[in-house]
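Computed from heavy atoms alone, side chains included, the values below leave out hydrogens, waters and symmetry copies. Ligands are counted one by one from 1 in listed order, and the atoms in each one are counted from 1 as well. We number each residue from 1, following the sequence as shown.
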Amino acid sequence: MEKIIVGGGQKLEGTVRVEGAKNAVLPVLAASLIASEGRSVIKEVPVLADVYTINEVLRNLNADVEFDSNEKAVKIDASERLETEAPFEYVRKMRASVLVLGPLLARYGHAKVAMPGGCAIGSRPIDLHLKGFEAMGAEIHVGNGFVEATAPGRLQGAKIYLDMPSVGATENIMMAAALADGKTVIENAAKEPEIVDLANYLNKMGARIVGAGTETIRINGVEKLYGAEHNMIPDRIEAGTFMVAAAITNGNILIENAVREHLSSVVSKLEEMNVQVIDEDEGLRVIGSDRIASTDIKTLPHPGFPTDMQSQMMALMLCAKGTSVITETVFENRFMHVEEFRRMNANIKIEGRSVIIEGLSKLQGAEVAATDLRAAAALILAGLVSDGHTRVTELKHLDRGYVDIVMKLANLGADIKRVDENGVVIQPLGVEETVELNEYITE
Ligand SMILES: CC(=O)N[C@H]1[C@@H](OP(=O)(O)OP(=O)(O)OC[C@H]2O[C@@H](n3ccc(=O)[nH]c3=O)[C@H](O)[C@@H]2O)O[C@H](CO)[C@@H](O)[C@@H]1O
Ligand SMILES: C=C(OP(=O)(O)O)C(=O)O
């Protein structure tokens with residue numbers, strides 16, 4: 001079993017560059033299926049396990065997909081007749097595979113995808129996606145572990161109110177509506193930067209979408225979409241993770257590509273905790289403090305505090321003076337990392353949907369298991385300030401969403417390495433070997 005071994009006590013200093021956003025590239029790659037003519041070229045694509053997975057899903061549907069991991073570019077030609085069924089093996093690996101439903105349904109009037117199950121952070125149903133398709137005239141059948149959507153003729157534009165501003169439902173409905181007959185209005189839509197990026201890409205493909213980034217998105221359906229070129233936005237959660245790395249180690253890191261407007265809630269909480277965040281031409285400089293103050297956080301849909309930064313902030317709160325409270329309102333069960341922090345001597349308890357964190361715990365290195373992607377990062381962050389060595393296992397979660405995090409942290413001065421089951425160091429490595437390793441990890 002591979003592990004990351006982190007030694008505590010180093011201040012992190014230097015510059016790190018943020019990759020393209022995982023949560024933006026997955027819907028953008030799925031949306032490429034709608035183009036019945038021309039080829040799409042997507043740039044600034046992060047070399048991640050999830051990207052390999054979605055590429056496999058698209059290939060399996062008969063799209064022609066080339067991923068140049070050195071160039072960080074994906075070329076997709078979906079102009080041939082596509083299959084309309086995505087099997088369980090992909091959806092099980094990555095829930096975002098359900099994002100092919102909207103594009104396929106819009107283009108062919110049929111899509112069948114394995115029903116995603118629950119996962120470590122909650123049950124995560126897709127009822128809002130399906131209600132949206134139904135409002136546009138699709139018939140939905142759920143059975144035998146699959147969801148099948150069928151639309152006799154073209155989807156019809158509709159007025160759709162989302163009970164909650166689901167990111168995935170907004171994306172799926174927006175993609176379906178791009179090719180529907182007439183006008184669709186999505187109310188109480190998600191406002192995340194990834195929604196805006198997807199709308200920008202769809203508009204380059206020929207769609208007519210306005211209002212993305214606000215709670216009302218209006219889409220005038222068109223008859224056909226074309227391949228287009230697109231540069232992915234930077235990953236705000238990777239940026240936020242490095243911001244916490246600077247804060248927790250009392251370090252000083254320039255995070256190139258970090259966009260303040262995408263991170264305003266995170267910046268404002270860090271500032272409350274005595275961390276400095278300074279705008280520079282290349283990105284954001286984050287300077288830690290030896291007097292981290294406690295604070296309270298409630299996770300909310302954007303522009304509220306992102307649930308994907310919750311566990312990393314919990315690591316920082318363990319080092320704050322005083323008691324902090326985190327309330328998770330987006331996912332029903334995203335506190336699995338609390339038990340792992342406890343193994344590191346954290347003084348922390350769960351009360352319903354909140355976690356109470358007593359600061360200034362003397363954290364101790366321990367063997368801990370990543371329970372989800374962001375928990376993996378949070379445990380590494382805690383390891384950076386723990387006494388002794390922390391060994392983090394279950395790295396498949398980490399590899400879904402962080403490119404070369406070991407090398408990036410090592411370059412900033414962290415005492416960190418990744419070892420294989422025999423204890424042989426496999427990271428940090430040079431860029432080429434790391435790309436090869438990522439390919440190997442994906443297989
Ligand atoms: C690939 C991707 O972009 N993943 C992100 C996306 O996930 P994802 O798109 O799955 O998240 P949603 O915004 O849809 O989910 C938010 C909440 O709504 C619930 N819900 C959602 C859809 C639905 O049909 N019914 C329903 O009840 C979910 O169970 C969850 O409790 O947004 C989340 C919230 O910012 C992030 O944490 C994920 O990193
Ligand atoms: C929860 C996350 O991703 P996903 O929705 O792909 O599981 C995440 O990026 O933190």
Side-chain angles (χ1 to χ4, degrees), residues 19-31 46 48-51 53-54 57 90-102 115-135 140 142 147 160-175 186 188-198 232-233 235-241 262 265-266 299-313 328-334 336-337 353 370-378 396-403:
E19 314 284 328
K22 163 183 104 56
N23 287 346
V25 78
L26 300 176
V28 158
L29 291 172
L48 292 172
D50 271 11
V51 170
T53 305
I54 192 97
V57 174
Y90 300 117
V91 183
R92 183 175 55 103
K93 255 191 179 173
M94 191 190 63
R95 309 177 44 80
S97 309
V98 298
L99 292 172
V100 303
L101 271 172
M115 195 70 184
C119 74
I121 61 179
S123 67
R124 305 185 73 178
I126 56 163
D127 54 315
L128 299 174
H129 306 224
L130 303 182
K131 272 192 201 164
F133 299 148
E134 263 174 345
I140 307 292
V142 179
V147 52
I160 297 163
Y161 175 85
L162 296 179
D163 291 343
M164 63 174 95
S166 153
V167 172
T170 304
E171 292 168 342
N172 239 337
I173 295 167
M174 200 162 71
M175 293 187 282
I186 310 175
N188 199 27
K191 296 183 274 207
E192 272 68 1
E194 292 76 17
I195 303 285
V196 178
D197 199 43
L198 177 62
M232 296 314 308
I233 55 167
D235 194 312
R236 63 193 166 103
I237 306 301
E238 187 195 11
T241 303
H262 292 176
S265 58
V266 175
T299 66
L300 286 167
H302 194 77
F305 193 91
T307 171
D308 293 351
M309 279 300 300
Q310 179 251 101
S311 47
Q312 301 90 312
M313 288 299 274
E328 173 63 56
T329 76
V330 178
F331 287 109
E332 59 183 20
N333 175 27
R334 203 173 193 179
M336 304 271 278
H337 43 281
R353 297 196 82 152
T371 48
D372 76 54
L373 158 58
R374 308 303 167 186
K396 62 178 187 291
H397 297 295
L398 185 77
D399 295 327
R400 285 190 47 218
Y402 287 94
V403 179

Cationic N near anionic O, under 4.0 Å, Asp308 to Arg334: yes
Applying a strict 4.0 Å limit to heavy atoms, is [X] in contact with ligand 1?
X      : value
Glu194 : no
Ala169 : no
Arg334 : yes

Asn23 and ligand 2 - part of the residue with a heavy-atom distance under 4.0 Å: side chain
Proximity to ligand 2 by part of Ile121, non-hydrogen separation under 4.0 Å: side chain
With backbone taken as N, CA, C and O and side chain as the heavy atoms from C-beta onward, which portion of [X] lies under 4.0 Å from ligand 1: side chain, backbone, both, or neither?
X      : value
Asp127 : both
Glu171 : neither
Val167 : both
Val330 : both

Which residue and atom name correspond to the protein heavy atom nearest [atom], and how close is it?
atom                   : result
atom 9 (O) of ligand 2 : Arg374 NH2, 2.7 Å
atom 5 (C) of ligand 1 : Asn23 ND2, 3.6 Å
atom 4 (P) of ligand 2 : Arg400 NH2, 3.3 Å
atom 3 (O) of ligand 2 : Lys22 NZ, 3.0 Å

Is there at least one pair of N or O atoms, one from [X] and one from ligand 1, spaced under 3.5 Å apart?
X      : value
Glu332 : no
Lys22  : no
Phe331 : no

Atom indices of ligand 2, in the order listed, that fall short of 4.0 Å to a heavy atom of Arg124: 4 (P), 5 (O), 7 (O)
Going by the atom numbers of ligand 1, which of them fall below 4.0 Å from some non-hydrogen atom of [X]?
X      : value
Gly168 : 9 (O), 14 (O)
Asp308 : 36 (C), 37 (O), 38 (C), 39 (O)
Ile126 : 23 (C), 24 (O)

Pairing residues for Glu238 by the salt bridge (charged side-chain N to carboxylate O under 4.0 Å, His left out) criterion, not counting sequence neighbours: Lys408
The one among Pro306, Gly122, Ser166, Pro125 that brings a heavy atom closest to atom 23 (C) of ligand 1: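 That would be Pro125.
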Per atom 1 (C) of ligand 2, closest listed option by heavy atom (Arg334, Met94, Gln310): Arg334
Arg95 N/O to ligand 2 N/O under 3.5 Å: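 In this structure, Arg95 places no N or O atom under 3.5 Å from an N or O of ligand 2.
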